[in-house]
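As structure tokens, the structure follows; a few thoughts come after it.
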Amino acid sequence: MTFHQLRALLAVAEAGSIRGAAAAMVVTEPSVSAAIAQLSRELGVPLTERVGRGIRLTEAGKEFARYAAQILGLSDRGVRAAREAAGAGGHLRLAAVTTAGEYVLPPILAGFLRTHPGQRVSVEVGNRASTIARLLNDEADLALGGRPPDRGGIAGEAFRDNPLVVVGPPDHPLRRKRNFDPQLLSGETWLLREPGSGTRQTTEEFLAASGIEPGSVMNVGSNGAIKRAVSLGLGVTLISLDAVAEELAAGELARLEVRGSPLRRSWWVLYREEAPLPPSARTFLRFLRSGRSRGEAGPAPAARARSRSRGAPSAR
Ligand code: PGA
């Protein structure tokens with residue numbers, strides 16, 4: 001089994017054709033076909049099948065492709081770690097869920113780069129589902145987001161509080177009430193983030209647990225658009241306090257202190273449970289753990305919690 005064969009399998013899965021895979025890998029089509037055929041022979045099961053003019057992975061191929069991605073990702077990590085250790089300069093690859101990428105990570109990164117000038121950094125921002133996928137596919141070493149998923153080989157550490165609050169327009173009739181009955185928010189239009197968003201998932205759980213029945217639901221795929229819509233009176237929403245602190249202070253949004261809120265959540269730094277971290281990622285993790293990242297305005301630090309600490313990488 002060779003890395004070339006593993007790459008060919010993943011390229012075929014992505015492109016849906018031998019030609020597309022060959023173009024993506026910058027090799028010839030026979031080389032891709034031969035690699036897949038050899039790999040299938042070695043495993044003793046067909047990994048691809050023809051569909052019309054294209055080709056797709058069989059169930060066995062899909063199953064094996066998950067491992068192939070991990071093998072290649074781990075090898076890539078090893079290469080980067082070795083180069084970093086030899087002083088070749090590291091590349092800190094971060095991912096962040098939308099809310100963290102917009103409001104939490106930028107000041108942390110600014111603080112980190114003040115103490116580590118010249119560090120090469122890339123940040124991929126997407127919703128919770130895509131961020132978890134980036135970690136699993138080894139496209140990022142660390143991710144900032146909500147708690148780790150229950151399954152899937154991802155562990156994490158809470159590093160900062162992330163209260164979620166219900167907000168409405170500045171003239172909302174419930175804006176001065178305290179601890180009011182959640183039922184009073186039934187019949188409202190609730191603005192929800194897109195499917196795959198962690199905030200959306202939390203909102204759905206909150207609505208169900210509080211017995212709130214929205215009058216209607218509006219899907220809006222960005223925190224910024226939701227805030228604007230709420231401030232213009234289009235509805236109410238549950239959102240991270242980090243995302244609305246400025247608008248609340250400026251009186252553009254009103255906090256609705258419904259019973260059961262704020263929801264006490266944390267921001268977590270997430271990583272693959274079994275994969276060692278390259279030096280630059282270990283340095284960033286140490287920075288987060290040190291509390292220096294909390295020098296910025298924001299909610300008080302989270303009580304330190306770890307998930308599956310057995311797999312927590314050391315940041316010596
Ligand atoms: P989101 O994630 O920005 O995708 O909603 C927030 C979270 O996971 O807490």
Side-chain angles (χ1 to χ4, degrees), residues 94-109 123-137 139-167 190-210 214 217-230 235-248 253 260-273 288 293-294 296 298-308:
L94 299 175
V97 298
T98 313
T99 311
E102 289 170 347
Y103 305 101
V104 179
L105 183 57
I108 292 177
L109 215 41
V123 182
E124 298 282 352
V125 178
N127 65 30
R128 176 174 171 85
S130 64
T131 299
I132 299 289
R134 281 190 174 115
L135 270 187
L136 289 174
N137 294 337
E139 293 162 25
D141 299 312
L142 295 171
L144 300 194
R147 71 186 145 75
D150 295 335
R151 286 184 294 165
I154 290 182
E157 300 167 28
F159 68 93
R160 169 185 163 120
D161 287 345
N162 175 25
L164 282 100
V165 292
V166 179
V167 295
W190 280 79
L191 281 83
L192 293 189
R193 285 271 309 281
E194 75 286 358
S197 147
T199 311
R200 180 189 177 103
Q201 192 185 329
T202 307
T203 306
E204 287 171 346
E205 288 162 9
F206 172 71
L207 293 177
S210 319
V217 158
M218 198 189 290
N219 287 308
V220 182
S222 102
N223 285 319
I226 286 186
K227 291 194 292 186
R228 191 88 180 108
V230 170
V236 300
T237 199
L238 179 77
I239 192 165
S240 167
L241 181 56
D242 279 313
V244 288
E246 280 182 20
E247 288 78 4
L248 288 174
L253 292 172
S261 75
L263 276 72
R264 309 238 165 250
R265 299 286 189 274
S266 297
W267 286 119
W268 293 68
V269 56
L270 308 172
Y271 36 74
R272 292 248 312 277
E273 214 163 10
L288 279 182
S293 65
R294 295 192 289 261
E296 316 294 333
R304 184 83 160 271
R306 266 194 197 183
S307 154
R308 299 175 212 157

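First listed ligand is number 1; within each ligand, the first listed atom is number 1. Keep in mind the model is a prediction, meaning the values are calculated, not measured.
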Between the protein and ligand 1, which nitrogen or oxygen pairs come in under 3.5 Å, and how far apart is each?
{"residue": "ligand 1", "atom": "3 (O)", "partner": "Thr98", "partner atom": "N", "Å": "3.4"}
{"residue": "ligand 1", "atom": "3 (O)", "partner": "Thr99", "partner atom": "N", "Å": "3.0"}
{"residue": "ligand 1", "atom": "3 (O)", "partner": "Thr99", "partner atom": "OG1", "Å": "2.8"}
{"residue": "ligand 1", "atom": "3 (O)", "partner": "Arg193", "partner atom": "NH1", "Å": "3.2"}
{"residue": "ligand 1", "atom": "3 (O)", "partner": "Arg193", "partner atom": "NH2", "Å": "3.4"}
{"residue": "ligand 1", "atom": "4 (O)", "partner": "Arg128", "partner atom": "N", "Å": "3.1"}
{"residue": "ligand 1", "atom": "4 (O)", "partner": "Arg193", "partner atom": "NH2", "Å": "3.4"}
{"residue": "ligand 1", "atom": "4 (O)", "partner": "Gly198", "partner atom": "N", "Å": "3.3"}
{"residue": "ligand 1", "atom": "5 (O)", "partner": "Arg193", "partner atom": "NH1", "Å": "3.2"}
{"residue": "ligand 1", "atom": "5 (O)", "partner": "Ser197", "partner atom": "OG", "Å": "2.7"}
{"residue": "ligand 1", "atom": "5 (O)", "partner": "Gly198", "partner atom": "N", "Å": "3.2"}
{"residue": "ligand 1", "atom": "5 (O)", "partner": "Thr199", "partner atom": "N", "Å": "2.8"}
{"residue": "ligand 1", "atom": "5 (O)", "partner": "Thr199", "partner atom": "OG1", "Å": "2.6"}

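- When each of Leu142, Thr131, Val269 is tested with Leu94 by the rule side-chain contact (heavy atoms from CB on, under 4.5 Å), just one qualifies, namely Leu142.
- Lys227 places no side-chain N or O within 3.5 Å of a backbone atom of Ser222 that could act as its donor or acceptor partner.
- Here Leu136 pairs with Ile132, Ile154, Arg272 under the side chain to side chain contact (heavy atoms under 4.5 Å, CB included) rule; sequence neighbours left out.
- Considering only residues two or more places apart in sequence or on other chains, Val220 meets the side chain to side chain contact (heavy atoms under 4.5 Å, CB included) condition with Leu191, Met218, Ala225, Ile226.
- Residue Pro195 comes nearest to Asn127 through the heavy atom pair O-ND2, 3.6 Å, listed as atom of the first residue, atom of the second, then distance.
- Glu102 meets the salt bridge (Lys or Arg N to Asp or Glu O under 4.0 Å) test with no other residue; sequence neighbours excluded.
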